[in-house]
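For reference, the structure is listed below as structure tokens.
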Amino acid sequence: QVQLVESGGGMVQAGGSLRLSCAASGRPFSTYVMGWFRQAPGKEREFVAAIRWSSTITYYADSVKGRFTISRDGAKNTVYLQMNSLTADDTAVYYCAARQSSIISSIYNRESYDYWGQGTQVTVSS
């Protein structure tokens with residue numbers, strides 16, 4: 001139904017910036033919530049940010065609020081995660097995910113997302 005492909009990961013210096021992209025295929029995207037999750041070694045996969053495709057309402061984890069920005073480009077069917085002021089704590093595999101907006105469970109709950117990309121590695125060095 002939905003296929004997600006992440007790109008843009010890599011290695012950056014602490015304090016630097018990186019922009020991740022998630023290209024989505026399938027329709028309609030307007031009924032979906034698009035999210036970013038990340039998983040660091042030894043940790044559970046955690047919520048980072050999400051955006052409602054139709055309304056563009058956004059949600060952020062406290063740990064990234066003010067530093068990360070999620071956005072979408074409707075013409076490209078792509079979701080972005082702009083990451084600024086990166087620290088070593090941001091090092092993780094970042095996953096793009098999608099769920100129907102009508103799902104009643106919390107938008108922060110990773111178990112509510114049905115579709116996942118393959119992940120892209122982000123490494124922040126100091």
Side-chain angles (χ1 to χ4, degrees):
Q1 188 102 141
V2 176
Q3 185 174 2
L4 307 173
V5 180
E6 305 100 327
S7 62
M11 179 176 290
V12 297
Q13 293 282 323
S17 298
L18 205 61
R19 188 177 75 162
L20 306 182
S21 299
C22 174
S25 62
R27 262 186 300 278
F29 301 114
S30 61
T31 65
Y32 284 88
V33 173
M34 306 297 296
W36 286 99
F37 291 77
R38 66 186 183 186
Q39 187 165 23
K43 290 190 172 184
E44 295 183 348
R45 192 170 300 185
E46 66 176 0
F47 173 85
V48 176
I51 183 169
R52 294 188 177 274
W53 189 268
S54 180
S55 67
T56 70
I57 294 173
T58 58
Y59 308 81
Y60 296 96
D62 288 341
S63 59
V64 306
K65 190 170 295 184
R67 300 189 298 120
F68 291 10
T69 302
I70 187 171
S71 62
R72 68 159 175 84
D73 186 332
K76 296 181 180 293
N77 292 332
T78 299
V79 177
Y80 302 98
L81 185 67
Q82 178 67 47
M83 306 184 294
N84 299 326
S85 302
L86 287 163
T87 75
D89 290 337
D90 297 313
T91 295
V93 177
Y94 284 70
Y95 297 89
C96 182
R99 55 166 266 187
Q100 289 280 4
S101 62
S102 60
I103 294 176
I104 195 170
S105 62
S106 172
I107 200 166
Y108 304 95
N109 179 16
R110 72 177 185 273
E111 299 299 322
S112 70
Y113 289 77
D114 296 321
Y115 306 100
W116 294 86
Q118 82 286 354
T120 185
Q121 176 71 48
V122 172
T123 302
V124 184
S125 62
S126 58

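Keep in mind that the numbers below use all heavy atoms, side chains included, and drop hydrogens, waters and symmetry copies.
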What distance do W36 atom CH2 and C22 atom SG have between them, rounded to the nearest 0.5 Å?
5.0 Å
Looking just at side-chain N and O atoms, do D73 and T78 make a donor-acceptor pair shorter than 3.5 Å?
no
Can you confirm whether more than 12 heavy atoms, excluding those of Q3, are under 6.0 Å from its CD atom?
no
Is W53 linked to Y80 within one hydrophobic cluster, defined over Ile, Leu, Val, Met, Phe, Trp and Tyr using a side-chain heavy-atom separation of less than 4.5 Å?
no
Spacing of CE belonging to M34 relative to CG belonging to N77, to within rounding of 0.5 Å:
9.0 Å
Are side-chain heavy atoms of V122 and V124 found at a separation under 4.5 Å?
yes
Listed by chain and number, what are the side chain to side chain donor-acceptor pair (under 3.5 Å) partners of S101, not counting sequence neighbours?
none
Gap separating the CG atom of N84 from the CZ atom of F68, nearest 0.5 angstrom:
8.0 Å
How far apart are the closest heavy atoms of Q39 and K43, and which atoms are they?
NE2-O, 3.2 Å
How many angstroms lie between atom CD of Q82 and atom OG of S21, to the nearest 0.5 angstrom?
9.5 Å
Hey, what else clusters with Y113 if you join Ile, Leu, Val, Met, Phe, Trp, Tyr whenever side-chain heavy atoms sit under 4.5 Å?
V33, F37, F47, I57, Y59, V93, Y95, I107, Y108, W116
Taking the side chain as every heavy atom from C-beta outward, state whether D90 and R67 have any atom pair closer than 4.5 Å.
yes
For S112 and S106, which heavy atoms make the closest approach, and how far apart are they?
OG-O, 3.5 Å
Rounded to the nearest 0.5 Å, the CE atom of M83 sits from the OG1 atom of T87 at a distance of 11.0 Å
Please tell me if the side chains of S126 and Q13 come closer than 4.5 Å, counting only heavy atoms from C-beta onward.
no
Mind checking whether R19 and L81 have side chains closer than 4.5 Å, heavy atoms only?
no
Given 3.5 Å as the limit, does a donor-acceptor pair link the side chain of Q121 with the main chain of G9, or not?
no
Given side chains that start at C-beta, do those of E6 and Q118 come closer than 4.5 Å, heavy atoms only?
yes
Does E46 form a side-chain contact (heavy atoms from CB on, under 4.5 Å) with R110? I'd like the steps, not just the answer.
CA-CA 7 Å; E46 66 176 0; R110 72 177 185 273; over 6 Å; no
Would you say the side chain of V2 lies within less than 4.5 Å of the side chain of L4, judging by non-hydrogen atoms?
yes
Do T56 and I51 come within less than 4.5 Å of each other through their side chains, counting heavy atoms only?
yes
Would you indicate whether the side-chain heavy atoms of Y32 and I103 approach each other to under 4.5 Å?
no
Donor + acceptor pair across side chains of Y94, R38 (<3.5 Å):
yes
Please name the residue in the list R99, R52, Q100 that meets the side chain to side chain donor-acceptor pair (under 3.5 Å) test with T31.
Q100
